[in-house]
Structure formats: structure tokens, C-alpha cells
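Note sheet for the following structure.
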Protein chains: 2
Amino acid sequence: MSDVSGLAGKFDSWQRMSFDPARCPVRDVLDHLGDKWTTLIVIALAGGPRRFGELNRSIPDISKRMLTQCLRNLERDGLITRHVFPTSPPSVEYRLADLGRSLLAPLQALVEWAEASHQSVRDARLRFDGVPSNT
Amino acid sequence: MSDVSGLAGKFDSWQRMSFDPARCPVRDVLDHLGDKWTTLIVIALAGGPRRFGELNRSIPDISKRMLTQCLRNLERDGLITRHVFPTSPPSVEYRLADLGRSLLAPLQALVEWAEASHQSVRDARLRFDGVPSNT
DNA sequence: CGGAATCCACCATGATACTG
DNA sequence: CAGTATCATGGTGGATTCCG
């Protein structure tokens, strides 16, 4: 329990500071990762530098608007860097900064958990949905 | 790189299956964790079983509505279990299921990354915001 | 090509009131 | 106490258009 229940202790301390965002890293740092695209972009960049258009194509259904916005947030947080090549037409390359690369390990752990748990979750959903509310 | 770049490989395979939710665990399983409250609830339950009202009080600003909804999702996905004690007034206890407990380790890794990176991110933001767009 | 700006739809969340 | 129902709204994200 020593290791994992550390989360419970963290929760208590966050609670004591009223989840003040300035001191609660989770709300402040991790929130962006729930963005729907951000995580995917980070993973896409795990394979190496990518250009804007490449990212746009490699992530189906993402709009330029959202791609731009997420990239900006990631750049602002120092997770990625942006390199403009003043060619014509312009070419912009994004790559993970050191800070961004350091996120890959914990992120991968989470992804692997998701893969390992996928079937269990799907089964649980079937069971839950199949159970008649009562009767 | 062998370990971490595994994410790049995963991305490629997801891409090949067009990110089909049925086969892409990330979109299907991890999406709920971006919910804004879900992760916090899981962490709150890391300390042991909690009653509805306890959770409601221990997480400031969460509404009963959202708490109920998140708890239902977590229960549906098999991450937590719900135990009703037919006392009067009624008492309902939530606790992590095995599947939910197995999430704690990767989650903690992510939280620890957030804590370790918090200052770096804040610094990066100051730098980014402070930099005059050009001039 | 890369991005900014605008408009718009929807969903997540919040507030409130009601129920068992 | 532990919800449910209803309504209001704000932000997230999509589609489109314009710019350098």
C-alpha cells in the first residue's frame, strides 16, 4: 500500500490547500491532457518531429483550429517546440521538448493500462447495461 | 528509445485502424479520465471506501449532479463498486474495484510527473506569455 | 502551407428544486 | 442521505473563410 496509497495522501494535502491551482499540479498541469486531442498529439510527436500538415493528416477528424490551439498550449507549457522554416510555402515543424519527452513514460504506462483493461471495461459495460435496473 | 518510442508504434497502429473506438483503447477507456472530476474521484477513493456525502464534501465545488454522473460512469466501467445499506436515512458506499485499483499505479506515475514538472511548466508559461509576439 | 478570425452547435457542468 | 429532474449557460470543438 505504501506506494499506491500515496495518492490518498496527496489528495489530503490538495484538499487542505483547497485545491488551489497555483499549488495543485494536477488541476494546473494535467487538465490540458484531458483536452481530447492534446494527448494524441503528444503521442504523434513521440515518433519524431512532425510538420503541421503531417499532424493534421495523421490525426483524422482534427480541425486545423483545434490542432493549432492544442499545439499552442503545448508550446506554452514547454512540452513542445515550434520551428519555422521561412521557405515558400512556409513550413513549420513541431517536436517534443525535453519536458514533453519526460511525459512519454508515464503516458505510456497509462496507455498500456488502457490496453490491458480495455476488454474488462467493455465487459463491465455490457454487464451494467444488461442488468435490468431492478426487478 | 526502445521503450518510450513504443507509443509511436501504437499511434501508427491506431492510425491504421482509423482510431476505431471499438479497437482503440485510448479513446474508449481513457476519455472519461479527462472528465474533470473522474480522476479526482478515483484518487479520493484510493484512501478507502467513501460515502456519497463524504465524496461530495471532500471534493470542493463538485455538484451532486456531476458526482452522481461520474460515479455512475466509473461503476459502469467496472472501476468502482456501489454498496447500498438499506438504513434510514439511506447510506451508499463507493469503493474501488480491482480494476480501479489497478489504475492507481499508472495514475500515480502521471501525478508524480505533474508534480515534478509543475514548476517547469509554470516557468515555460511565463516565458511564453512574456515574450513579445515579435518586435 | 500554416494559421487567424468568425460563427455556430452541442455537450459538459452548474444551480435549483423535488423525491424516497 | 442519496439521489433525480429540469433548466440555464459557458466553454469546447467543428465548419468556413480569410491572410501572408
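Convention: sequence-line order gives letters A, B, ...; per-chain numbering from 1.
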Working to the nearest 0.5 Å, report the span between CG of L40(B) and CD1 of I62(B). 7.5 Å
Transitively linked via ILVMFWY side-chain contacts under 4.5 Å: L55(B) with V84(B)? yes
Does any non-hydrogen side-chain atom of I43(B) lie less than 4.5 Å from one of L104(B)? no
Not counting sequence neighbours, which residues clear ring-ring contact (aromatic ring centres under 6.0 Å, His included) with F52(B)? List them please. none
For the CG atom of L45(B) and the CZ atom of R101(B), what is their distance to the nearest 0.5 Å? 10.5 Å
Outermost contacting nts on DNA chain C, any atom under 4.0 Å from chain B heavy atoms, listed 5' then 3', are dT13(C) to dG20(C)
For E54(B), the side-chain hydrogen bond (donor to acceptor under 3.5 Å, both in side chains) test, sequence neighbours excluded, returns none
If you measure from CG on L99(B) to CH2 on W113(A), what distance do you get to the nearest 0.5 Å? 5.0 Å
How close do R51(B) and S91(B) get, counting heavy atoms only, and between which atoms? NE-OG, 3.3 Å
dC1(D) phosphate, OP1 or OP2: any side-chain N/O from R51(B) under 4.0 angstrom? no
When the rotation axes relating C1' atoms of four end pairs to the next four are compared across the helix from dC1(C)-dG20(D) to dG20(C)-dC1(D), five pairs an end, they differ to 10° by 40°
Donor-acceptor pairs are to be reported for all side-chain atoms of residues 68-75 of chain A against protein atoms at under 3.5 Å, with residues two or more places apart or in another chain.
unit_1	atom_1	unit_2	atom_2	d
T68(A)	OG1	K64(A)	O	2.8
Q69(A)	OE1	R65(A)	NH1	3.3

Cation-pi between R27(B) and W37(A): NZ/CZ under 6.0 Å from ring centre and within 45° of the ring axis? yes
Treat primed atoms plus P, OP1 and OP2 as sugar-phosphate and everything else as base, then score nucleotides 3-18 of chain D 5' to 3': B for base contact with protein heavy atoms under 4.0 Å, S for sugar-phosphate contact only, - for none. BB-B------BBB---
